[in-house]
Amino acid sequence: MTLQFAPETAATPATLPPLLQALNPEQLAAVTLGPEPALILAGAGSGKTKVLTTRIAWLLSTGQLSPAGVLAVTFTNKAAKEMLTRLGALLPLNVRGMWIGTFHGLCHRMLRAHCKLLNLPATFQILDMQDQLSAIKRLHKQLALDEERFKPKELQWFINACKEEGQRAHQVPVRDADQRHKVEFYRLYEEQCQREGVLDFGELLLRSYELLRDHDPVREHYQRRFRHILVDEFQDTNKLQYAWLKLLAGRMEGGRFVPAGNAVLAVGDDDQSIYAFRGARVGNMADFVREFGVRQQIKLEQNYRSQAHILEAANRLIEHNQGRLGKNLRTDQGCGEPLRVYEAPSDYAEANWVVDEVRQLIGRDGLPAHEVALLYRSNAQSRVLETALFNAGLPYRVYGGLRFFERAEIKHALAYLRLIDNPHDDTSLLRVVNFPPRGIGARSIEALQAAAASAGCSLHDAVSAVPGKAGSHLAAFVALLDVLREGSQGQPLRQIVALVLQHSGLLAHYRAERDGSERVENLEELLNAAESFVLQQGFGRDAVALPLDETAAAEARAAASDSGFEEPSGETLSPLQAFLSHAALEAGDNQAQSGQDAVQLMTVHAAKGLEFDAVFITGLEEGLFPHDNSSASPQALEEERRLMYVAITRARQRLYLSHAQTRMLHGQTRYHPRSRFVDELPAQCLQWLSPKPGSGLGAAGLGKAAVGLQPAWGRSALVSEAPSRAAADATHGLRAGMQVFHPKFGQGQVLAVEGRGDDARAQVSFTRHGSKWLALAVAKLTPL
DNA sequence: TTAAACGATATTTTT
DNA sequence: TATCGTTTAA
């Protein structure tokens with residue numbers, strides 16, 4: 001990101017140290033805040049990461065703080081990496097060993113350091129979502145639960161939600177019988193994980209929280225050590241993460257939080273909170289201000305990204321939300337182009353219009369393809385766009401596919417590697433016990449599971465109890481694991497991986513497979529990944545310990561001797577264990593799909609934090625965006641609006657909005673009215689594009705025939721105002737969001753309108769009778 | 001052991 | 001509609 005100087009910045013005295021010279025007054029204030037709790041409200045494109053990294057650099061370079069005294073937390077590995085890179089560019093500093101990372105990464109580090117205290121096996125492994133689900137399925141089966149009443153996915157969701165709330169099974173309030181079963185399942189699942197020596201993602205946080213809560217010396221140690229705590233994307237923290245931070249920066253006294261005086265810098269933007277569905281609590285920002293007694297609140301409102309029309313649209317849209325902390329972005333850039341709005345007759349036509357415009361952006365305006373982003377609300381919408389791009393011969397890249405460490409062949413290899421260290425990891429054992437196939441069928445596995453259950457031991461240890469042919473096959477598998485374990489003794493990581501790929505038969509298996517070449521390549525890539533991991537992490541013999549590390553280590557030792565325990569350094573982890581943790585905590589990039597320079601396709605969620613010269617927001621339809629499932633509750637609707645806000649603020653120069661009258665959804669043609677969000681944008685920022693007039697396409701009843709006529713929807717017919725709602729007749733004057741009256745059901749709010757004319761129907765949420773679908777030709781609804 | 005057939009199901013996602 | 005997961009059949 002290239003930052004431009006705000007006008008005030010030019011007036012900044014040249015006496016400032018170089019580090020601080022490129023900051024605007026608000027950024028400067030944030031960077032040089034005193035050591036006290038503070039909240040930075042950082043608008044989109046306002047230089048948030050710059051403030052975070054410059055502040056750390058400033059604290060270090062002025063000698064106010066040593067590298068060991070910093071704790072900086074982010075949500076994603078990408079953000080953490082970005083921070084490390086930029087910090088490294090600001091200061092000649094060995095950034096390795098500093099506590100800068102994701103919540104999960106740092107909690108993991110803490111757990112490794114204190115696993116004895118926590119009664120965790122030193123070889124504990126991390127379950128990713130897939131692993132967790134298969135562990136849950138296994139337990140589900142073992143308990144013979146009703147498939148209908150308790151689906152594994154739901155149980156997984158339930159358990160994770162509990163953990164996000166910081167609740168152990170015994171703390172979960174039980175309302176009904178169903179809930180009681182779920183809680184019981186949660187308890188048994190935890191037992192299983194403990195037995196197998198595995199921790200899921202939520203557990204990393206919860207254990208770390210409990211570690212700090214229950215062990216005073218540990219908590220006091222870290223409290224003393226981390227004088228400055230910086231939290232990125234604070235609006236996305238969940239209850240547990242906030243509680244964890246509170247333990248690092250204070251203590252509870254009689255139900256009241258007492259800060260310990262650490263300088264906690266929370267950076268966030270309530271308007272960009274889009275993860276409530278996974279437990280994020282925007283309210284943490286207000287709680288933070290209250291509980292920490294925050295006196296310093298700084299708003300970063302100067303935007304360095306978007307032109308004025310785009311910013312104005314974003315500002316005006318988000319004003320429709322209630323209870324914001326309040327922020328108004330401004331820019332020094334010109335107003336730029338207006339936002340172009342296009343109404344397509346069908347999703348197909350929409351895609352073709354998008355591709356048409358993209359082609360012009362690239363051809364006429366010379367934009368690189370990767371500066372063009374096509375955004376949508378849900379992944380399924382990418383398909384039409386992909387088809388259109390493909391037909392046009394434009395290279396594109398879709399985000400959000402399978403990532404490297406999630407690929408089946410990689411997970412297989414990792415499972416063998418995990419079993420070397422921890423043979424009691426039943427999830428891993430089951431994954432590869434018969435892969436590649438070695439004559440251990442479902443029957444054998446059942447026998448093994450039965451034996452393990454009756455002996456109360458791991459599958460690995462139960463092998464000897466299985467008789468007959470099945471038993472000998474299983475014994476051969478265990479012997480294979482033993483060979484791998486012995487062979488890996490004292491070997492460098494790359495050799496261990498190579499050994500596993502060879503002896504497990506994985507390589508041979510995929511080489512023999514017809515379409516296995518890609519998988520073979522991936523397995524070979526795993527070797528490289530292992531090697532470069534070792535080099536980067538400093539496990540290799542080339543690694544040099546820089547002086548800063550020693551300072552940090554010495555300091556840690558000094559602090560540790562106070563509190564009576566040794567804080568082990570990362571080196572106590574074997575390269576293999578470190579690599580396996582790395583694989584679980586960082587799933588890696590998804591493979592590039594085509595050439596380097598490609599149009600970027602992604603959901604709005606995935607676009608958060610990114611920026612592009614040109615952005616298309618597609619599928620702006622009621623029911624899609626805002627999504628149907630969100631229109632019922634005001635909070636959910638506001639989150640959808642924030643999502644729209646995020647989408648808009650991704651664009652630097654050009655923003656295109658489109659919607660389709662007709663869309664194929666779940667095999668059915670659906671009719672959605674234009675999204676309310678489009679109508680919430682200021683008219684003077686918009687330019688409406690219409691289909692070429694006279695093409696004979698009306699608003700209603702467009703079948704596939706119309707779709708054939710897709711070439712060139714000219715931009716010739718420009719209308720400067722919203723199309724008059726001629727279609728309103730077709731929907732009987734109803735639009736989503738309206739208040740209506742029904743003679744029988746009383747008052748209600750229209751959630752959605754579908755179809756036109758006699759087919760039109762509306763979903764209405766009645767105050768007394770709940771939500772109903774009504775045929776508008778029949779139902780007597782009166783707008784209020 | 002594999003392929004075919006059936007049925008449920010269909011926001012958003014990082015760790 | 002298309003995809004995924006499970007069951008069934010060969």
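Just so we're on the same page: letters track the sequence lines, and every chain starts at 1.
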*How does DNA chain B look in dot-bracket form if you count Watson-Crick and G-U pairs under 3.5 Å, write [ ] for pairs that cross, and put | where a base pairs with another strand?*
||||||||||.....
Is there any protein nitrogen or oxygen under 3.5 Å from a nitrogen or oxygen in nucleotides 6-8 of chain B, and what are the pairs?
none

*Using side-chain hydrogen bond (donor to acceptor under 3.5 Å, both in side chains) as the criterion, list what pairs up with H104(A), not counting sequence neighbours.*
none
*Counting just side-chain N and O atoms, does R383(A) come under 4.0 Å of either OP1 or OP2 of dT1(C)?*
no
*Does the side chain of R207(A) reach to within under 4.5 Å of the side chain of L120(A), using non-hydrogen atoms?*
yes
*Say you pick atom P in dC4(C) and the same atom in dT13(B); how far apart are they, in whole Å?*
15 Å
_Just verifying a value: how many Å separate L429(A) CG and N422(A) CG, rounded to the nearest 0.5 Å?_
10.5 Å
*Closest non-hydrogen atom pair, N238(A) against G279(A)*: CB-O, 3.1 Å
_Checking R278(A) now: which residues fulfil salt bridge (Lys or Arg N to Asp or Glu O under 4.0 Å) with it, not counting sequence neighbours?_
none
*Can you tell me how far CG of L624(A) sits from CD of E622(A), rounded to the nearest 0.5 angstrom?*
10.0 Å
*Which residues pass the side-chain hydrogen bond (donor to acceptor under 3.5 Å, both in side chains) test with R324(A), sequence neighbours left out?*
D271(A)
_Exercise: identify the closest heavy-atom pair between P436(A) and S504(A)_ = CD-O, 3.3 Å
Just the table, please: protein N/O against nucleotides 5-10 of chain C N/O, every pair under 3.5 Å.
none

_salt bridge (Lys or Arg N to Asp or Glu O under 4.0 Å) involving D128(A) - partner list, sequence neighbours excluded_ = K411(A)
*On a whole-Å scale, what distance lies between the C1' atoms belonging to dT6(C) and dT11(B)?*
25 Å
*Taking salt bridge (Lys or Arg N to Asp or Glu O under 4.0 Å) as the test, write out the residues that go with K78(A), two or more places apart.*
none
*Tell me whether dT12(B) sits syn or anti, counting syn as a glycosidic angle within 90° of 0.*
anti
*Encode nucleotides 10-15 of chain B as B, S and - characters from 5' to 3', where the letter depends on protein heavy atoms closer than 4.0 Å: B to the base, S only to sugar-phosphate, - to neither.*
BBBBBB
*By side-chain hydrogen bond (donor to acceptor under 3.5 Å, both in side chains), which residues pair with D426(A), not counting sequence neighbours?*
none
*State which residues pass side-chain hydrogen bond (donor to acceptor under 3.5 Å, both in side chains) with T618(A); sequence neighbours excluded, sorted by chain then number.*
none
*asked:* Holding to salt bridge (Lys or Arg N to Asp or Glu O under 4.0 Å), I want the full list of residues that pass it with R650(A), two or more places apart in sequence or in another chain.
replied: none
